[in-house]
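Order of the sequence lines fixes the chain letters, A, B, ..., with proteins taken first and strands second; residue numbering starts at 1 for each chain. Reckoned from all heavy atoms, side chains included, excluding hydrogens, waters and symmetry mates.
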Amino acid sequence: MGAGAGQAVAGQQDAAQTVIAARGLDLTFETGDGPVHALKGVTLDIRKGDFVSFIGPSGCGKTTLLRCIAALEEPTGGSLTVNGMSPDAARRARAYGYVFQAAGLFPWRTIGRNVSLPLEIMGYGRAEIRERVARVLALVDLAGFEKKYPWQLSGGMQQRASIARALAFDADILLMDEPFGALDEIVRDHLNEQLLQLWARTDKTIGFVTHSIPEAVYLSTRIVVMSPRPGRITDVIDSPLPRERPLDIRDTPEFLEVAHRVREGLRAGHAYDD
Amino acid sequence: MRHRVLPVLAVVAALVVVWYGAAVWLNAAWAQDRAARAGVELGLVELVADTWAQDKPKLPAPHQVAEEIWRTTAGQKITSRRSLLHHSWVTLSATLLGFAFGTALGIGLAVGIVHSRVMDMSVMPWVIASQTIPILAIAPMIIVVLNAVGISGLLPKAMISMYLSFFPVVVGMVKGLRSPGLMQLDQMKTWNASPAQTFWRLRLPASVPYLFASMKVAIAASLVGAIVGELPTGAVAGLGARLLAGSYYGQTIQIWSALFMAAALAALLVALIGALQRVVLRRMGMG
Ligand SMILES: Nc1ncnc2c1ncn2[C@@H]1O[C@H](COP(=O)(O)OP(=O)(O)OP(=O)(O)O)[C@@H](O)[C@H]1O
Ligand SMILES: [Mg+2]
């Protein structure tokens, strides 16, 4: 704990504060047919304001890593701090918003009341809740859908509502597990753009799991390439792209070069597999 | 609508035909007996007519039961001892009280079982064991014990109703309160929701469809409980009392009309819960 506090002080002096620090993180699931090494020796620093994407083949531990950060999973080895605290302390301090792979809206609540759910739980006042719900729903282009029930919305709209829900309270960290996985290309582009704008405006630190190389490259300041059995990091790529990113940046040589490197990293992981 | 009503009517018609046939078959012996004693020879038409019009038939014909029901409902003042509606009300009030107790007890136990491992391990086996004891064996004891401490009338019957109706509610509610998926529980965890918040905002609303499904079973069980509760003491009022009196005096028509009344009451109660379920689920946006 003392070391964590010291780190935080050093971080402030660097002006590039480490928000999430993993050192030799291990997680082994004991299952019926032997142990599964979901994470092995994962070491990673995520600084304040980073947009970090996790990419890798299915089963390489992306979700598991995100869940460890969120204190939904207990690592079996190594150390992990979030905001200089243990992940569980950070969870209790409501340090992050988490967007799950599926929208997971409550069917008995309207969209507006789904978004207000975490706010109610956190004890926000009535007027403040109303104001915030309206604001985040507008942010994800769902203004006017407050009174609708989840089943009245398309899958993509439901996913946007679940993102709005994670944005409704002031967490500095946003953890997203393949939030746009089920959406069509156009909607995905649009949401990617919006997510970047939001990130630029709010200076949140974002951890983002994806299977799409263009999406990872377009969004991230850092791309973490992972590979399975055991789940580990094989490459960390710092993006040379500017923070300001119009959609057509995807046709520039810099973009294609980063994408190429990510692809190489993924390939190397697969080769190890065989 | 037509394509739903027609098959139902066809089935009912078939049942009535079978019933009339059975009435002839079961009551013929008595008719022949009487005719023989009077020294008369019965033709087929007379025989059939006789089997459908006896005073104390083995199996009363449908129109006899219908007549009896009509006579004892529409034909009597509701407050009269002879009104079937009066007896129905006596049974219904015990049913409803027992159902309310049973539902409350069932929900309370389910909440405890879901939240406490100790209760899950210790209470659940008793809940299940309680239902393996035949109600007919335990009903007289409940009535007698409660009578001994000066409680009689409505309450002992309601207790037996409760005994039968809490079980489906416990089972249904435990399932319902446990129905939220791992992801929804994880979501609550990411917001650092307290157990109480998780209960009120996730578990309870998620359990509502399960609650209604089990309440439909429970209300029917409640009615059975109330009727059974009227048997051991030889109660003077209630559908159970009508059944008992009917069997003492061989009044099969009275027995059958009480049975039909009980069935109609059960159907009505289940339908009412079904209607309530539709209204509540629609208001919750899940209809
Ligand atoms: N609760 C669990 N119990 C046992 N094994 C698990 C559990 N959760 C994950 N695993 C295993 O850990 C490994 C990593 O899983 P994880 O879900 O993190 O992969 P992923 O990279 O998110 O995959 P995908 O891209 O398909 O979502 C897999 O082999 C998986 O089977
Ligand atoms: Mg995953």
Stepwise side chain to side chain contact (heavy atoms under 4.5 Å, CB included) check, B:Asn192 with A:Arg91: CA-CA 7 Å; B:Asn192 194 26; A:Arg91 179 185 67 82; 3.5 Å; yes
Quick one: of B:Met188, B:Gln184, B:Arg283, B:Gln187, who has the most non-hydrogen atom pairs under 4.5 Å with chain A? B:Gln187
Sort A:Ala90 into side chain, backbone, both or neither according to what part of it lies under 4.5 angstrom from a heavy atom of chain B. neither
Within residues 195-223 of chain B, which positions have a heavy-atom distance to chain A below 4.5 Å? B:Gln197, B:Arg201, B:Leu202, B:Pro205, B:Ala206
Can you tell me which of A:Leu175, A:Leu117, A:Leu72, A:Ile121 forms the most heavy-atom pairs within a distance under 4.5 Å of chain B? A:Ile121
Look up atom CH2 in B:Trp191 and atom OH in A:Tyr98, then write down how far apart they are to the nearest 0.5 Å. 13.0 Å
B:Thr190 and A:Arg94, any side-chain heavy atoms less than 4.5 Å apart: no
A:Ala102, part contacting chain B, at a heavy-atom distance under 4.5 Å: both
Other residues, nucleotides, ligands: >12 heavy atoms within 6.0 Å of A:Arg126 CZ: no
Of the listed residues (A:Arg165, A:Gln101, A:Met122), which shares the most heavy-atom pairs with chain B below a 4.5 Å separation? A:Arg165
Contacting region of A:Leu105 [heavy-atom separation from chain B under 4.5 Å]: backbone
For a quick test of reading the model, state the closest non-hydrogen atom pair linking B:Met284 to A:Tyr149 and the distance between them. O-CE2, 3.5 Å
Within a radius of less than 6.0 Å around NZ of B:Lys175, do more than 12 heavy atoms belonging to other residues, nucleotides or ligands occur? no
Would you give the length of the straight line joining atom CZ of A:Arg109 to atom CE of B:Met286, rounded to the nearest 0.5 angstrom? 12.0 Å
Flag yes if more than 12 heavy atoms outside A:Gln152 fall under 6.0 Å of its CD atom; otherwise flag no. yes
